[in-house]
Structure formats: structure tokens, C-alpha cells
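One structure is given here, and the rest of the page talks about it.
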Amino acid sequence: MSRIPVIIDCDPGHDDAIALLMALASPRLDVRAVTVVAGNQTLEKTLNNALKVLSFVGAEVEVAAGAAQPLVRPLTIAPEVHGESGLDGPILPPPTLKPSPRSAVEVIIDVVRKSDQKITLIPTGPLTNVAAALLLAPDIKANIERITLMGGAAYVGNWTPSAEFNILVDPEAAHIVFSSGVPITMVGLDVTHKALVYEEDIARLKAMNRRVARMVAELLDFFSQFHKRFGFKGSPLHDPLAVAAVIEPQVLTTRHLPVVIETKGEYTTGRTVVDFYGVTGMKPNVDVALEVDRDRFIAMLFEAMEHFD
Ligand code: RIB
Ligand code: CA
């Protein structure tokens with residue numbers, strides 16, 4: 001079975017870092033490039049974090065910096081979740097991998113245009129880079145298999161009662177992506193809040209006695225602090241679930257529904273408005289993930305950790 005060519009667009013971020021590792025570990029995926037966007041932290045920090053994580057596992061992949069801020073709005077970051085560095089917790093060596101001289105948008109456009117197989121994009125941060133690429137080079141839509149993104153929520157948000165962080169940071173970019181006509185799988189909070197990793201899973205990672213698994217455990221030790229404060233029994237592995245959904249789509253149950261992005265509401269901006277009953281008459285445009293096989297997903301995480309030393 002041929003490998004699935006993917007580009008991961010991320011804002012590391014603890015869960016982004018684990019998503020990168022799951023993608024690199026999978027024999028099903030061919031990671032053609034990693035592009036970075038501001039979100040969880042400033043672009044300088046998310047880029048450095050991506051380079052550090054990829055260097056930690058000796059990955060040789062193009063890493064390109066993208067947007068330092070959303071298309072229209074000022075940047076919102078999340079130090080309360082990811083810390084000042086954006087990857088607080090483990091002490092990682094300085095990166096050996098250097099950033100590409102090309103921008104993220106140039107890389108997305110070039111890699112998609114030149115691919116002999118349709119590319120799957122896996123955005124796990126705000127959609128600024130992806131939106132910009134689609135605006136500058138609409139022709140690439142024909143060579144994009146699917147955009148499987150971590151973002152949104154059919155029901156409640158996390159950064160506001162209405163909105164999930166990635167969509168909220170750049171709702172205009174999300175509108176461009178969701179209305180692009182490209183097939184989309186929305187891996188939102190409805191499933192990521194059920195894809196929890198618990199203390200016993202973190203202990204299991206440490207007991208693997210592997211360098212990378214221990215680093216992931218240290219990421220999760222830090223990441224779990226924020227979620228414990230909000231009453232979560234475990235840490236939601238948002239971004240790794242988007243990667244898992246490309247590796248094994250059956251890990252999610254989805255419904256093909258109309259989804260639009262609220263960009264104007266005083267209390268609702270950033271909401272992914274999902275029309276479950278077709279009352280708007282809009283054409284379905286998104287495969288919305290509603291259920292997750294958590295046990296299979298967690299097993300995939302541990303399988304990925306076996307890949308590394
Ligand atoms: O709302 C969760 C999402 O926002 C995740 O992608 C996390 O990394 C942050 O980017
Ligand atoms: Ca992210």
C-alpha cells in the first residue's frame with residue numbers, strides 16, 4: 001500500500017510536537033514538509049520548538065516558517081497552556097535542523113504543485129498559512145487530497161464558550177479554508193476531548209525506558225497541569241488525533257455536514273457553526289468528527305513510541 005504524502009502545518013505546542021512524532025513514526029505517512037505558524041506561541045518560538053522536536057528524533061525534513069500573525073486580527077497566544085517557550089517541560093537540546101529559506105506558503109504551494117500524488121494537509125494550528133496558500137495559488141486545490149485539520153467544535157469551544165483556539169485565532173483564514181471546496185475532515189473538540197491521555201498512560205510511557213517516550217511523558221506532565229486546573233481527568237491529545245485520522249480514518253466516526261465560520265459575533269466569533277439538521281439549505285462541505293475509538297488511538301500513540309529509541 002503506497003504511503004500517504006502529507007504536509008503538517010503546526011504551532012508547537014505540546015500536542016503539535018506529539019503529532020509530529022506520530023506522523024514521522026507512521027509507515028503509512030510520507031511527511032513531505034513541516035510548516036509552522038504562530039498560535040500557541042509566537043512564530044519565533046513555534047518554529048524553534050518544531051526544529052527542536054524534529055532534531056531530537058533526527059528527522060530530516062524541510063521546516064518552513066509561515067505567518068507570524070493572523071490574516072486580519074492581532075495574534076492570540078496560549079502561554080497558560082504551553083508555557084513561555086511554547087514547549088515547557090522537557091529540556092530539549094538546541095536544534096541541529098535549520099529552517100528552510102523558503103516561507104511556509106511557498107513550500108505548501110511548491111510541494112503540492114510538484115507532487116505526483118495528491119497531498120493531504122494536516123493543519124494543527126491556526127489556518128493562516130493554509131488560507132494564504134489557497135488564496136495565492138488556487139490551482140493547488142486540484143492536487144490536495146484532503147485537509148484533515150485539528151480545530152473547531154460542533155458543540156462547545158475551549159478558548160471561548162463558542163470557539164476552539166485554532167479557529168478563533170484566525171477565523172478569516174478558517175473561513176477561506178472551510179469554503180475552499182477542498183475535502184475537509186474537522187477533528188474538533190467533540191472528539192479530542194474524548195481522546196484523553198491519563199496519568200497511567202504517562203506512567204506507561206516512562207516505563208518504556210525510551211528516550212523519546214520519556215520526552216513525550218515530560219511534555220504530557222506539563223500539558224496536563226492546565227487541564228487538571230479545568231477539571232479534566234486527562235489531557236486531550238488534540239493534534240495527534242488529526243494525524244491518527246489520516247493514518248487510520250476508522251479511528252473517527254464522522255458526518256458530512258454544512259459548516260460555516262462565524263467571524264462577526266461578539267460572543268460567537270470563531271465558532272464552527274455545524275448545521276446538523278440542514279435548516280440553512282447549505283451544501284455539506286465538511287466531514288465532522290463526532291466519535292473516536294479512544295483505545296485504538298492510544299494504542300497508536302504507543303505504537304508510534306516503539307518506533308523511536
Ligand atoms: O484547541 C486546541 C488546539 O489549539 C491544539 O491544536 C493546540 O495545540 C492549540 O493549537
Ligand atoms: Ca496546535
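The shown structure was predicted, so the numbers you read here are calculated from the model rather than taken from an experiment. Counting convention: from 1, in listed order, for ligands and their atoms alike.
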Discussion item. Is it the case that atom CZ in Phe302 sees more than 12 heavy atoms from other parts of the structure closer than 6.0 Å?
Written reply: yes
Worksheet entry | Closest heavy-atom pair and its distance - Arg210, Phe308 | NH1-O, 2.5 Å
Discussion item. What protein heavy atom lies closest to atom 9 (C) of ligand 1? Include the residue and the distance to one decimal.
Written reply: Asn40 OD1, 3.1 Å
Practice prompt. Before accepting this row, confirm whether a basic side-chain N of the pair Glu291/Arg255 lies closer than 4.0 Å to the acidic partner's carboxylate O.
Written response: no
Worksheet item: In terms of side-chain heavy atoms, does Asp275 have a donor or acceptor partner in Thr280 at a distance below 3.5 Å?
Response: yes
Worksheet entry | Ligand-side contact atoms (ligand 1) for residue partner Asn166, heavy atom cut-off under 4.0 Å | 3 (C), 4 (O), 5 (C), 6 (O), 9 (C), 10 (O)
Worksheet item: Who's the nearest protein heavy-atom neighbour of atom 5 (C) of ligand 1, and how far?
Response: Asp15 OD2, 3.2 Å
Worksheet item: Mind checking whether Met150 and Glu164 have side chains closer than 4.5 Å, heavy atoms only?
Response: yes
Worksheet item: Among His238, His193, Glu164, which residue places a heavy atom closest to atom 3 (C) of ligand 1?
Response: Glu164
Worksheet item: Number of protein N/O/S atoms less than 3.0 Å from the Ca ion (ligand 2)?
Response: 5
Worksheet entry | Arg229 with Glu80: basic N within carboxylate O range, under 4.0 Å | no
Fill in: Pro12: which of Ile18, Asp239, Thr46 passes side chain to side chain contact (heavy atoms under 4.5 Å, CB included)
Thr46
Worksheet item: What is the closest protein heavy atom to atom 6 (O) of ligand 1, and at what distance does it sit?
Response: Asp239 OD1, 2.6 Å
